Amino acid sequence: MLCARHVFRCFKWLERAGDRITGAAGPYFIGLAVILQAIGAASFFTVIQPSLPLRWLTTPLCALLALNLFTHYYYVCTVAPGFVQDEVLLPGSGRLWASPSQRTSAGVRWSNRGITLLAANTTACRRCGLMRPERAHHCRICGRCVIKYDHHCPLPAGINQCVGLNNERHFVLFMAYLVLSTFFLSILGYSQVLEAVGLTYSNNWPYMVPQLAYILTYMLSVVICIAVFIMLCWHLWGIARGETTVEAQDHEVYKRIARDRGDNFVNSFDLGKSTNLRLFFNIGPDGYPWYTLILPLRIMPYTDGRSWARREGFERHQGIQEGEELTDDDGDDDGA
């Protein structure tokens with residue numbers, strides 16, 4: 001038992017050291033991500049795009065794709081995820097903000113469409129002591145509670161902050177446009193990479209980007225496309241199930257607890273795949289127009305995090321009793 005306790009403390013120390021390292025290296029990850037995106041865009045627009053047919057059509061589409069990629073990355077890095085102690089996010093004005101489909105005076109709009117929003121229960125955080133609503137979790141790296149906390153993301157996207165209520169939509173759209181960008185670079189740039197490695201009869205390389213840089217960019221694009229596509233599918237599946245990354249892990253524990261007592265666990269935040277996706281992206285008659293998915297505009301989330309849409313007739317998860325909800329590890333356990 002004593003040996004196990006020492007091993008546990010050793011892993012705890014390594015975990016805290018990893019948190020400090022990733023937190024300190026976050027700005028460098030952002031710089032690296034910006035450089036890689038810039039090199040990728042330069043490679044595409046100087047090597048691949050000039051050879052595309054119908055340039056009057058493909059050029060604006062490629063520019064829109066790049067604009068979405070860069071803008072959503074900027075948003076996910078600069079928009080605060082939604083810290084519990086911060087003021088509630090208010091809609092902005094200007095050209096970067098989209099207008100909702102339907103103007104309302106106050107409150108959460110979706111309540112008029114057969115969707116029930118109930119005030120979130122509050123609990124005290126074991127690590128910082130703040131009273132926080134449901135779906136909020138404490139980030140060890142930021143040292144703050146985040147509403148609808150999903151994860152802290154230093155890598156692979158390199159955003160150097162948490163993904164939460166206010167920036168999760170930008171994070172998912174950034175991944176979607178990153179997958180599209182790297183996919184088209186990989187497919188449309190295939191003949192140029194063969195030319196760059198000398199597998200064609202032409203020895204001429206008339207492009208501004210050096211051959212080695214283009215080859216490395218192409219290889220990295222293929223790897224990123226596959227890796228981020230898997231991440232995107234995982235996140236979209238979680239969204240369709242009405243749960244975050246953290247909640248997906250918690251719900252597996254809840255299922256075992258409910259099963260042991262002969263009950264079934266039901267996620268009260270799961271309103272069905274279509275409704276969950278519409279609420280997440282806030283698209284619909286009481287949300288924002290569909291074009292906000294293809295234009296890089298800011299929009300408000302469907303809720304401020306102090307109330308949540310729940311299944312009809314549910315005020316909490318089925319199969320879990322009060323007091324059985326998982327809380328953040330206080331970080332001071334000695335073992336067991």
Side-chain angles (χ1 to χ4, degrees), residues 22 25-55 57-78 151 153-161 163 167-237 293-296:
T22 54
Y28 299 102
F29 293 148
I30 289 181
L32 177 62
V34 171
I35 292 172
L36 291 178
Q37 290 179 59
I39 293 175
S43 298
F44 183 88
F45 283 101
T46 61
V47 178
I48 301 172
Q49 195 275 334
S51 63
L52 296 179
L54 302 176
R55 292 181 61 183
L57 177 63
T58 57
T59 299
L61 292 177
C62 293
L64 179 62
L65 194 64
L67 180 63
N68 273 284
L69 175 68
F70 294 136
T71 306
H72 284 297
Y73 182 72
Y74 172 78
Y75 286 152
V76 78
C77 290
T78 58
H151 67 286
C153 186
L155 283 175
I159 69 173
N160 191 36
Q161 70 165 342
V163 175
N167 65 352
E168 60 179 357
R169 182 180 183 274
H170 297 302
F171 178 73
V172 171
L173 288 175
F174 165 68
M175 287 196 297
Y177 282 106
L178 181 59
V179 169
L180 287 175
S181 300
T182 52
F183 173 78
F184 285 123
L185 192 152
S186 302
I187 296 299
L188 300 176
Y190 181 73
S191 60
Q192 285 86 351
V193 80
L194 293 180
E195 183 179 346
V197 298
L199 296 181
T200 62
Y201 294 106
S202 174
N203 294 321
N204 184 31
W205 182 258
Y207 308 110
M208 179 183 68
V209 178
Q211 291 171 271
L212 179 60
Y214 180 78
I215 294 170
L216 295 177
T217 300
Y218 183 88
M219 295 172 59
L220 185 60
S221 293
V222 174
V223 173
I224 289 176
C225 182
I226 297 172
V228 178
F229 176 73
I230 295 172
M231 288 178 53
L232 177 63
C233 291
W234 168 257
H235 276 80
L236 288 175
W237 177 246
L293 294 176
I294 59 175
L295 295 180

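This one's a predicted model, so the numbers in the text were calculated from it and none came from an experiment.
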Quick check for you: to the nearest 0.5 Å, what is the distance between [X] atom [atom1] and [Y] atom [atom2]?
X    : Y    : atom1 : atom2 : result
L232 : L180 : CG    : CG    : 8.5 Å
Q37  : I224 : CD    : CD1   : 9.0 Å
L212 : T217 : CG    : OG1   : 9.0 Å
C153 : M231 : SG    : CE    : 6.0 Å
Y190 : Y218 : OH    : OH    : 7.0 Å
S221 : L216 : OG    : CG    : 10.5 Å

Any side-chain heavy atom of [X] sitting closer than 4.5 Å to one from [Y]?
X    : Y    : result
F44  : L52  : yes
L64  : L295 : yes
Q49  : R55  : yes
L61  : L65  : no
L185 : I48  : yes
Y73  : L69  : no
M219 : V223 : no

Specify the closest pair of heavy atoms between [X] and [Y], including all atoms of both residues, with the distance to one decimal.
X    : Y    : value
L220 : L36  : CD2-CD2, 3.9 Å
N68  : P296 : OD1-N, 3.4 Å
E195 : Q211 : O-NE2, 4.2 Å
L293 : Y177 : O-OH, 2.6 Å
G189 : Y214 : O-OH, 2.9 Å
Q192 : W205 : O-CZ3, 3.5 Å

More than 12 heavy atoms of other residues, nucleotides or ligands under 6.0 Å from [atom1] of [X]: yes or no?
X    : atom1 : result
F229 : CZ    : no
Y74  : OH    : no
F45  : CZ    : yes

Positive for side-chain contact (heavy atoms from CB on, under 4.5 Å) with H72, one of L173, L178, V172 |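 Of the listed residues L173, L178, V172, the side-chain contact (heavy atoms from CB on, under 4.5 Å) partner of H72 is L173.
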